[in-house]
Structures are given as C-alpha cells and as structure tokens.
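Sequence positions, counted from 1, serve as the residue numbers for this chain. Note that these values count all heavy atoms, side chains included, but never hydrogens, waters or copies made by symmetry. Every value quoted in this text rests on a predicted model; they were computed, and no experiment measured them.
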Amino acid sequence: MKKRPIIAFLYDFDKTLCTTDMQDYTFIPSLGYTPGEFWGIANSFGWKNHMDGLLAYMYTMIDECRKKSIRLDREYLVGCGRAIELFPGVRDWFARINAFGKEQGVEIEHYVLSSGLKEIIEGSGISHEFKEIYACEFLYNEEGLASWPKLDVNFTNKTQFVYRINKGILDIANDKDLNASMPDDSKRIPFTNMIYVGDGLSDVPCMKMMRSYGGQAVAVYQKSNRAGVEDLLRNGRVDYIFPADYSEGTALDVTMKNIIRKMAIVDLLADENQEQLRNLGKAELPDQVGLF
C-alpha cells in the first residue's frame, strides 16, 4: 500500500499557541519578580557580557534560583508548564486537523520550534501532540539540578530544525547525516508540504524560508501584537495572518484546511505524473517510426 504524503505543521510556542512567554505564568512569579523585572535582569546580563540572549536568560534562571534557594530541576520546570494558558481551540486542534488530513489522503505531523523551554512545554498538556519539540533545554547534573544549556534554539538557528524535519534527521546529535547530500525526492517532508505558524519578528527567518521554498507562512496575533503582524503581511513576510483562535470554523481553521487540500491535490497530481512516466517507460516502442 502506498504511503500517504506527510504535511508538517511547525509552530513557535510563546504567543503562538499560548498567550505569553511561558516563563511568565509560574516561574518568574515564583522568584518574586514581575516579567518585566526578570527579563530586564536577563537582557542586561546578556548585553553586558555580549551573550546570546537565550543563553543569558537560561543563565539568569539558574542564578536567580540559586539565590532564592529554589531547586531548579526538571520536575519543577515541568510543573511550571501546567499553568500555561493556551489559545482557544488549541487543545483539540491537533485531533481535528489530523482527522481532516486523513480525509484528504495525507498524514499530518506537528513540531515545535521554540526559544522557550522544552521542559515547560512538556508540562503544558499538549506535548504528546508533537512528533518533536525543538526548544531550549537544560543539562542536569548528578544532583538533578539544571547546570548548563543543553540546547539553545535562537531565532536564526531555528532554520536548522526545518532542514532536520525536511530530511527526517530529527536527532540533534546527528549532524553528519543532516549535512550529507540527499536527493530532493528522498527527503521525508518536502518544504512545499510545510506550514510554519508564528507570531512576530523572531519567526521571520523560518517564515522567509517557507516562502522561498514553496511552503506556507502564517502569523497569529492578539490585540497587543496585531500591528506588528499586519506589518509582516504588508511587507510580504507571511502569506496569511489570523487572530489566535484555533477553534473549529474560525478563519484560521478554515484557511489551514484549504492549505491542506491544496497540498494534498498537488501531491496527488505529482503521483499521477510519475505513474504516467513509469507507464511510458514500460510501453513497447514500434520498430519503425513513420515520417510525415
């Protein structure tokens, strides 16, 4: 039986699937800070030391927990994820869109590409919906405490994970196969079967990649970031923008299903073309070719 084509949804997380930065719900209040105060400390530390901003915030998390005698282990961070507030419709979005994909003859896969923390996402209640979660992550020492950044997913290196998904090389430790040459027809998920969903400027490198290689770039917004998202559309950086409501029947839901329909039809036509070419190769050629 022929395998179904795969369509991949690639999501940012903060302000794309949930309402604000994931650290703001529980982690930062547990330190006694407002989000503005914590991010001010982390950003100032990064600027002062000429650091990658994400490494700076991860260091600040470790440092502030040490100062406040908070045990920063995996269990604590996963617990912080339980307070995440998801946008309307997100919890049942995956089951609905997967079922719709099957109706169209395709398989749907979901991935996260986030500068937030993998451990907090794991506590969100929807982590099981994703085939892979690429997000910042801590390495834990023999005492189980966060001691070093294991992975830093910043705004530009997000694109390497798009290539991993494209080739099917999902293990981040496997750079050899990722960088090896691979014929386009051997790649697991073509760029033309990818849909990236984000919310702002930090997603532009992946959005540009989608638009350059034939995928789709979508931005969602709340009232607070609507103007910025409208600029993305105005400047040709995304294909579509929608309010951040994933409920059935919303504009976002309807358009995503139309995109899936289009991708499914393109895949079907490509298969028919290849089948005709194979049949031509099997056809017997006449001994002589007549002339006009």
Side-chain angles (χ1 to χ4, degrees), residues 7-22 24 39 53-54 84-90 93-94 96-97 100-101 104 106 108-116 126 130 134-135 153-163 165-166 189-267:
I7 292 175
F9 279 83
L10 285 52
Y11 309 87
D12 180 38
F13 202 90
D14 295 345
K15 302 174 186 174
T16 296
L17 296 175
C18 67
T19 59
T20 189
D21 293 327
M22 63 184 69
D24 293 1
W39 293 115
L54 303 188
I84 282 179
E85 181 183 347
L86 299 170
F87 283 124
V90 168
W93 160 258
F94 306 97
R96 285 188 286 106
I97 211 70
F100 181 80
Q104 303 303 311
V106 298
I108 306 291
E109 293 182 354
H110 305 273
Y111 297 83
V112 169
L113 282 66
S114 170
S115 296
I126 59 171
F130 304 110
Y134 293 116
V153 181
N154 67 33
F155 310 140
T156 52
N157 77 12
K158 277 186 178 184
T159 56
Q160 74 147 297
F161 303 107
V162 180
Y163 282 111
I165 295 164
N166 170 234
I189 306 177
F191 294 117
T192 51
N193 277 19
M194 292 185 181
I195 305 164
Y196 185 89
V197 187
D199 68 278
L201 288 174
S202 64
D203 299 299
V204 164
C206 288
M207 291 172 170
K208 182 176 181 180
M209 192 174 182
M210 290 297 102
R211 287 175 58 79
S212 296
Y213 294 156
Q216 298 283 300
V218 177
V220 298
Y221 62 83
Q222 306 173 75
K223 183 178 180 180
S224 59
N225 71 320
R226 177 170 182 164
V229 167
E230 288 175 343
D231 281 343
L232 293 178
L233 182 63
R234 189 175 295 113
N235 294 325
R237 292 180 155 185
V238 295
D239 297 297
Y240 307 98
I241 64 172
F242 300 102
D245 186 345
Y246 294 76
S247 303
E248 188 166 10
T250 60
L252 173 62
D253 176 72
V254 170
T255 300
M256 291 297 201
K257 288 175 179 175
N258 284 334
I259 291 171
I260 291 170
R261 284 192 185 96
K262 182 190 77 170
M263 290 180 172
I265 290 170
V266 169
D267 280 326

statement: Of all heavy-atom pairs linking V218 and M207, the shortest is O-CE, 3.8 Å
field: Interatomic distance, Q216 atom CD to L10 atom CG [nearest 0.5 angstrom]
entry: 13.0 Å
query: Which heavy atom of S115 sits nearest a heavy atom of V153, and at what distance?
result: OG-O, 2.7 Å
statement: With P205 as partner, the option from T159, N154, N157 fulfilling side-chain contact (heavy atoms from CB on, under 4.5 Å) is T159
task: Report yes if the side chains of I84 and L17 come closer than 4.5 Å at any heavy-atom pair, otherwise no.
output: no
- prompt: Can you tell if the side chain of K257 reaches within under 4.5 Å of the side chain of V254, non-hydrogen atoms only?
  reply: no
May I have the list of side-chain donor-acceptor pairs in residues 235-242 shorter than 3.5 Å, sequence neighbours left out?
unit_1	atom_1	unit_2	atom_2	d
N235	ND2	D231	O	3.1
D239	OD1	R211	NH1	2.5
D239	OD2	A217	N	2.8

field: Separation of I97 CD1 from E248 CD (nearest 0.5 Å)
entry: 9.5 Å
statement: Given the options D203, V162, V197, L113 meets side-chain contact (heavy atoms from CB on, under 4.5 Å) only with V162
- request: Run the numbers on D199 and Q222 for side-chain contact (heavy atoms from CB on, under 4.5 Å), then give the verdict.
  value: CA-CA 9 Å; D199 68 278; Q222 306 173 75; over 6 Å; no
- request: Nearest 0.5 Å please: distance from the CD atom of E230 over to the CG atom of L232.
  value: 10.0 Å
- request: With the side chain counted from C-beta on, respond yes when R261 and F100 share a heavy-atom pair under 4.5 Å apart, and no when they do not.
  value: yes
pair M22-S114: side-chain heavy atoms closer than 4.5 Å: yes
query: How far apart are the closest heavy atoms of Y111 and I189, and which atoms are they?
result: OH-CD1, 4.1 Å
- prompt: Looking at C206 and Y196, what are the two nearest heavy atoms and their distance?
  reply: CB-CE1, 3.6 Å
task: Compare all side-chain heavy atoms of I7 with those of E109 and state whether any distance is below 4.5 angstrom.
output: no
task: Starting at OG1 of T255, measure out to CD1 of I260 and round the result to the nearest 0.5 Å.
output: 11.0 Å
- prompt: Does the side chain of K158 reach to within under 4.5 Å of the side chain of D12, using non-hydrogen atoms?
  reply: yes
query: Can the ring centres of F9 and F130 be said to be less than 6.0 Å apart?
result: no
field: Backbone of T250 reached by a side-chain donor or acceptor of D245 within 3.5 Å
entry: no
- request: Apply side chain to side chain donor-acceptor pair (under 3.5 Å) to Q104 and list each qualifying residue two or more places apart in sequence or on a separate chain.
  value: none
task: Return yes when atom NZ of K208 has more than 12 non-hydrogen atoms of other residues, nucleotides or ligands closer than 6.0 Å, and no otherwise.
output: no
message: Let me confirm one number: the OG1-OH distance from T16 to Y246, rounded to the nearest 0.5 Å.
response: 6.0 Å
- line: The reported gap from CD1 in I108 to CE in M263 (rounded to nearest 0.5 angstrom) is 9.0 Å
task: Take Y213 and N166 through the test side-chain contact (heavy atoms from CB on, under 4.5 Å) and record every step on the way to the result.
output: CA-CA 11 Å; Y213 294 156; N166 170 234; over 6 Å; no
query: Where is the tightest heavy-atom contact between P88 and A244, given as atom of each residue plus distance?
result: CD-O, 3.7 Å
query: Do you know the tightest heavy-atom contact between C18 and F87?
result: O-CE1, 3.3 Å
message: Any non-hydrogen side-chain atom of F191 less than 4.5 Å from a side-chain atom of M209?
response: yes
- prompt: CG of L86: more than 12 outside heavy atoms within 6.0 angstrom?
  reply: yes
